[in-house]
There are 2 protein chains.
Amino acid sequence: MSRSPHILVVDDDREIRDLVARFLTKHGYRVDTAADGRAMMQALGQGRFDLVVLDLMLPGEDGLSLCRRLRADSTLPVIMLTAIGEETDRIIGLEMGADDYLAKPFNPRELLARIKAVLRRAGAAPGHGEPAANEVFRFDGWRLDPARRELRSPDDVLVPLTGGEFDLLAAFARHPKRVLSREQLLDLTRGRAAVPFDRSIDVQLSRLRRKIEADPREPAMIKTVRGGGYIFTRDVERR
Amino acid sequence: MSRSPHILVVDDDREIRDLVARFLTKHGYRVDTAADGRAMMQALGQGRFDLVVLDLMLPGEDGLSLCRRLRADSTLPVIMLTAIGEETDRIIGLEMGADDYLAKPFNPRELLARIKAVLRRAGAAPGHGEPAANEVFRFDGWRLDPARRELRSPDDVLVPLTGGEFDLLAAFARHPKRVLSREQLLDLTRGRAAVPFDRSIDVQLSRLRRKIEADPREPAMIKTVRGGGYIFTRDVERR
DNA sequence: GGATTTTTGTAACGCAATGTTGCGGCGGCC
DNA sequence: GGCCGCCGCAACATTGCGTTACAAAAATCC
């Protein structure tokens, strides 16, 4: 995502479409619009998008159905717009695979906030279509391959990590040399918020250190920042 | 399906019948209704329908029985409506030949979404997945040929897979390096929705691993993503 | 068309991964 | 130096998954 994120706004109401498009453009996004499902599919076929803002009620095939179709073969993030008063829509929308939802009428700022949150969560995970991230991370001779979900040590030995440990390390590799709070790490690895006295990250990290630190008593790769979180100290080469 | 799809709603509760009929009509479907199995059979004899929405509890012959009769000599898609609670879940799991189901009370929008999803699946080519040209998949020396429904190992030995195992592997080959949820896999391989505690994908996958993984205890080709689904870790060359 | 074989789905059990809790230690602050 | 709060980690609880055994359904064979 070297250029600014590309967003597709799908709504049959021209006024809303234009309003949202202008607003998002003003905030630095590239925006295209579509009035219905057919136009949406056409747009998706032509360009690469990072996110779709999708109205629930559309002429022809409706938003839920479209959302399901998108999910069938891509991970393109979707934010659903729903008419007000239908609480259950939230459940349905999320069930159908939307990443977030917003009730109409909405404050454009709130839409912006959710777009940012969803894009951040989607993280480096790229746009539309099949070839999902073929990236590999290297640091200090270590090799982390997200697609294979494998970690190899400098002497090229496969280090057995559990899924959670792997996700945690991957989150650090994607954000090296930055302090990451427990909140952020939870969001990045589990996609969830912290509950009051949540220590799960601490424990998971402890387990991870045991497997990758030369001396887990004196961690060098992932250091603790008291009161702040943790920081990955190595240079990461991304390819 | 050049004209709008034609739907038959079968429910003994007049209120629900009318509500659903009005809602679907408003969304562009042609709708007829029937209050019981006899009326349903009569309606089916008179017109062409694209889908039946069928209540489980009916006076006289019940929905399950009717559903089986329909299945006996047609592929007409069926969505079952079930009253929540009772033993219905069990019955659904055991006997449903329906394409999808929905628990009452339901949100009409959700019914609409499911109708669209089922119609889409029914409309797609009968052999699930993709239309499938003469494509062949290669990964790690393996060769998967959807047209012949054959899998050959790196040493060119024909590996006997059952139909279901083959479909599952083909689904992965078409979506490599992406986490696929059990829901998605069911949709891709069986074209159906999951029932409450559906573990069929797990079992099928276990059987598949036994045949294609060097060490099924430590799967490398298809890995588990706890809480997420499964991921095919190999590069796939498609030709 | 019925019997046999093969495939698929369901249930149950055990294990491994993850989350939670609590204690002890260490560091920072006054 | 003593107190307080944050963090590491062991121990326990919970959850999700792999696997097996069995049952139902489908395919195959006479």
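Each chain gets a letter, A, B and so on, in the order the sequences are listed, and its residues count up from 1.
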Starting at CZ of B/R217, measure out to CG of B/D215 and round the result to the nearest 0.5 Å.
8.0 Å
For the CZ atom of B/F172 and the CG atom of B/L208, what is their distance to the nearest 0.5 Å?
8.0 Å
As an exercise, state the distance from CZ of A/F137 to CG of A/L169, rounded to the nearest 0.5 Å.
9.5 Å
Drop me the distance from A/L205's CG to A/S200's OG, to the nearest 0.5 angstrom.
11.0 Å
Interatomic distance, OG1@A/T189 vs CG@A/D167, rounded to 0.5 Å, equals 6.5 Å
Side chains of A/L119 and A/K116 in contact at under 4.5 Å (non-hydrogen atoms)
no
A/D202 atom CG is separated from D/dC9 atom C1', nearest whole Å, by 10 Å
Residue among A/Q204, A/R207, A/K211 satisfying side-chain hydrogen bond (donor to acceptor under 3.5 Å, both in side chains) with A/E165:
A/K211
Could you tell me how far apart B/R209 (CZ) and D/dC17 (P) are, to the nearest whole angstrom?
11 Å
Take the protein atom CG of B/L169 and the nucleotide atom C1' of C/dT7, then report the distance between them rounded to whole Å.
17 Å
Can a side chain N or O of B/S206 be found less than 4.0 Å away from OP1 or OP2 on D/dC17?
no
It should be established whether A/Y230 places a side-chain nitrogen or oxygen under 4.0 Å from OP1 or OP2 of nucleotide D/dG8.
yes
Pairs: protein N or O with nucleotides 28-30 of chain C N or O, under 3.5 Å:
none

Strictly under 4.0 angstrom, non-hydrogen atoms only: write out the protein contact profile of nucleotides 19-24 of chain C, one letter per nucleotide from the 5' end, B, S or -.
BBBB--
May I have the step-by-step check of side-chain contact (heavy atoms from CB on, under 4.5 Å) for B/V9 and B/D32, ending in yes or no?
CA-CA 6 Å; B/V9 175; B/D32 279 339; over 6 Å; no
Rounded distance (Å) that lies between atom P of D/dT20 and atom CZ of B/R217
6 Å
Short N-O contact, A/E150 and A/R143, less than 4.0 angstrom
no
DNA chain C contacts made by residues 157-166 of chain A, counting heavy atoms under 4.0 Å:
A/T162, A/G163, A/G164
B/E135/B/R174 ion pair, N-O < 4.0 Å
yes
Using whole Å, what does the distance between atom P of nucleotide D/dG18 and atom CZ of B/R210 come to?
12 Å
What closest approach, in Å, do B/L180 and B/A171 show between heavy atoms, and which atom pair accounts for it?
CD1-O, 4.2 Å
Spacing of CG belonging to B/L76 relative to CG belonging to B/L8, to within rounding of 0.5 Å:
8.5 Å
To check you understand the geometry: which heavy-atom pair defines the closest contact between B/D156 and B/R152, and what is its length?
O-NH1, 3.3 Å
May I ask you to list the residues of residues 177-185 of chain A, by number, that have any heavy atom positioned under 4.0 Å from an atom of DNA chain D?
A/R182
With no hydrogens and no angle check, do the side chains of B/T224 and A/R149 hold a donor and an acceptor under 3.5 Å apart?
no
Please report the distance, rounded to the nearest Å, between CD in B/E218 and P in C/dC15.
17 Å
Take the C1' atoms of the five end pairs on each side of the helix from C/dG1-D/dC30 to C/dC30-D/dG1, derive the two axes, and give their angle rounded to 10 degrees.
30°
Using distance only, find each side-chain donor-acceptor pair of residues 227-235 of chain B under 3.5 Å and give its atom names and separation, not counting sequence neighbours.
{"from": "B/Y230", "atom 1": "OH", "to": "B/R182", "atom 2": "NH2", "distance (Å)": "3.1"}
{"from": "B/T233", "atom 1": "OG1", "to": "B/A220", "atom 2": "O", "distance (Å)": "2.7"}
{"from": "B/T233", "atom 1": "OG1", "to": "B/M221", "atom 2": "O", "distance (Å)": "3.0"}
{"from": "B/R234", "atom 1": "NE", "to": "B/D140", "atom 2": "OD2", "distance (Å)": "2.8"}
{"from": "B/D235", "atom 1": "OD1", "to": "B/K177", "atom 2": "NZ", "distance (Å)": "2.7"}

Could you state the atom-to-atom distance from CG of B/L208 to P of C/dT7 in whole Å?
14 Å
Verify side-chain contact (heavy atoms from CB on, under 4.5 Å) between B/D12 and B/D55, making sure each step is shown before the conclusion.
CA-CA 8 Å; B/D12 58 323; B/D55 190 28; 3.4 Å; yes
Rounded to the nearest angstrom, tell me the gap between atom CG in B/D167 and atom P in C/dG9.
10 Å
